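A quick note: this is a predicted structure, and the numbers were derived from the prediction, not measured. Hydrogens, waters and symmetry mates are skipped; everything else that's a heavy atom, side chains included, is used.
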Amino acid sequence: MSGENAELLAKDGLPPLREVLRRHGIEARRQLGQNFLFDLNLTQKIARAAGKIDEGTVIEVGPGPGGLTRALMMEGARKVIAIERDARALPALAEVAARYPGRLEVVEGDALKVDAAKLGETPRRIVANLPYNVATPLLLNWLEQAEQFASLTLMFQKEVADRLTAQPRSKDYGRLSIVTQWRCTAKQLFDIPPRAFIPPPKVTSTVVQLIPHPQPLYPADPRDLEAVAEAGFGQRRKMLRQSLKTLPVEANALLDRANIRDTARAEELDIEEFCQLARAFGEMRRRGRSG
C-alpha cells in the first residue's frame, strides 16, 4: 500500500483506491476516456482549489471509483452530485455515499445529456477530472449557461488548457479562447504529470479554473460569435478578407461593417473585436433574410 493510499484509508475509513478497483473489477477504458487519479495530495489540492465547497452544490463529472469524490468530501463539500455513465463504478460510489450520508448523490447517465445548471442548490460549482474525449463538448455546453455556476475547476489536457487561456497573437489563441474568455475569467492553476494516473496518459494534464462573468464581456449572439471565430481561425494564416469567405455574407462588407481592417488575421483580433464581427454578421444575415 502506498503512503498516500494508507493515509486515505486512515482519513475516511474507506479502502485505498487500488483495492476498490480490484474488488469491483474496474479497469480504465480508453473508449470512455478514463484515466484514474490516485494521488491523495493531488485530489485534495483540486478540491481545495474549487473554493467554498461547504455551501451549495458541487457537480462532478466522471468520478470513476471516487478518488476526487472522496477528496471533496474530506475537504468539506456540503453536497456532491456525481454524474457517471460507467455502471461498473456505481458500487464503488455507493460505498462513498454510505460513508457520507446525505452528501453524495450519483446520477447515472451521459453528462453531455444532463443539464448541470439545474442540478442541486446554488451556488453550483463544477469540479471534475474530465474524460479527455468529451472535455471540450462538455465545456461548450456549460459555457452556454455559465452564469449558473460560481466556478468551474476542471482538468484538461495541457494543450487544451493552453487554448482556453491563450491571448491574441499567440499560437494557441483561437475559437476556444474566445468563446471561453467571453464568458469567464480563465486561469491555469497547476499541472499534473502522466505518472499520477492509472493508466498514465501520453500527455500532461492541467487544472484550469473558470470564474464566470455576471454577463458576457461584450454583446453578441453566441452562435454568431462561434461562426465568425470558426471561420476566422479555419485558415488562420490568411487575412480575414479571405478566411471569412466561408460565411454566407460578403467578407469585405462584413469587415467594413465591423470596422475591422481587411488585412487583419484572426489571431490579431481581441474578444471585443470578434464580438463586433459577430454583431455585424448577425445584422447582415437578418438583413439578407428580410430581403
Under a 4.0 Å N-O cut-off, is there an ion pair linking [X] with [Y]?
{"X": "K79", "Y": "E121", "answer": "no"}
{"X": "E19", "Y": "R22", "answer": "yes"}
{"X": "E75", "Y": "R48", "answer": "yes"}

Q.
Is a donor from one side chain sitting under 3.5 angstrom from an acceptor on the other, for Q215 and E147?
A. no
Q) Any side-chain donor paired with an acceptor under 3.5 Å for T153 and Q209? A) yes
Q. In the single-linkage hydrophobic clustering (I, L, V, M, F, W, Y; side-chain heavy atoms under 4.5 Å), do M239 and L277 co-cluster?
A. no
Q.
Hydrophobic clustering (ILVMFWY, side-chain heavy atoms < 4.5 Å, transitive) - are I211 and L164 grouped together?
A. no
Taking all heavy atoms of [X] and all of [Y], pick out the closest pair and write down the distance.
{"X": "A150", "Y": "P123", "result": "CB-CB, 4.0 Å"}
{"X": "Q44", "Y": "A71", "result": "N-CB, 3.8 Å"}
{"X": "V20", "Y": "A92", "result": "CG1-CB, 3.5 Å"}
{"X": "A116", "Y": "I126", "result": "CB-CD1, 4.5 Å"}
{"X": "C184", "Y": "L143", "result": "SG-CD2, 3.7 Å"}
{"X": "G232", "Y": "S243", "result": "O-OG, 3.6 Å"}

How long is the gap from [atom1] on [X] to [atom2] on [Y], to the nearest 0.5 Å?
{"X": "D256", "Y": "I260", "atom1": "CG", "atom2": "CD1", "result": "10.5 Å"}
{"X": "R265", "Y": "L240", "atom1": "CZ", "atom2": "CG", "result": "9.0 Å"}
{"X": "R99", "Y": "D12", "atom1": "CZ", "atom2": "CG", "result": "6.0 Å"}
{"X": "T204", "Y": "Q157", "atom1": "OG1", "atom2": "CD", "result": "10.0 Å"}
{"X": "Q167", "Y": "S177", "atom1": "CD", "atom2": "OG", "result": "8.0 Å"}
{"X": "T246", "Y": "L244", "atom1": "OG1", "atom2": "CG", "result": "6.5 Å"}

(Q) Once ring-ring contact (aromatic ring centres under 6.0 Å, His included) is applied, what residue pairs with a partner in residues 164-212 remain, sequence neighbours excluded? (A) Y173-F233
Q: Please test L139 against L210 for side chain to side chain contact (heavy atoms under 4.5 Å, CB included), starting from the C-alpha separation and ending with a verdict.
A: CA-CA 10 Å; L139 175 61; L210 306 175; 3.5 Å; yes
Q: Let me know which of R236, K171, R169 forms a salt bridge (Lys or Arg N to Asp or Glu O under 4.0 Å) with E267.
A: R236
(Q) Can you tell me which residue among T57, V58, I83 is in a side-chain contact (heavy atoms from CB on, under 4.5 Å) with L119? (A) I83
(Q) Working note: T165 + K187, criterion side chain to side chain contact (heavy atoms under 4.5 Å, CB included); need CA distance, chi angles, decisive distance, verdict. (A) CA-CA 6 Å; T165 58; K187 179 183 179 182; 5.8 Å; no
Is it the case that the side chain of [X] and the backbone of [Y] share a donor-acceptor pair, with hydrogens and angles ignored and the cut-off at 3.5 Å?
{"X": "R257", "Y": "R279", "value": "no"}
{"X": "R285", "Y": "V249", "value": "no"}
{"X": "R103", "Y": "M73", "value": "yes"}
{"X": "E250", "Y": "A253", "value": "yes"}
{"X": "E272", "Y": "L217", "value": "no"}
{"X": "Q276", "Y": "A258", "value": "yes"}
{"X": "E60", "Y": "V127", "value": "no"}

Q.
Would Y100 and M74 count as a side chain to side chain contact (heavy atoms under 4.5 Å, CB included) here? Give the steps.
A. CA-CA 10 Å; Y100 297 96; M74 286 188 287; 3.6 Å; yes
Q. Are more than 12 heavy atoms from other residues, nucleotides or ligands located less than 6.0 Å from atom CG of N259?
A. no
Flag the pair [X] / [Y] as yes when at least one side-chain heavy-atom distance between them is below 4.5 Å, and no otherwise.
{"X": "V179", "Y": "P222", "value": "no"}
{"X": "L152", "Y": "P212", "value": "yes"}
{"X": "D224", "Y": "V228", "value": "no"}

Q: Start with the C-alpha distance between T43 and R70, add both sets of side-chain angles, then the distance that settles side chain to side chain contact (heavy atoms under 4.5 Å, CB included), and finish with yes or no.
A: CA-CA 9 Å; T43 54; R70 289 162 65 170; over 6 Å; no
Q | Set of residues satisfying salt bridge (charged side-chain N to carboxylate O under 4.0 Å, His left out) with respect to R241, sequence neighbours excluded | A | D262
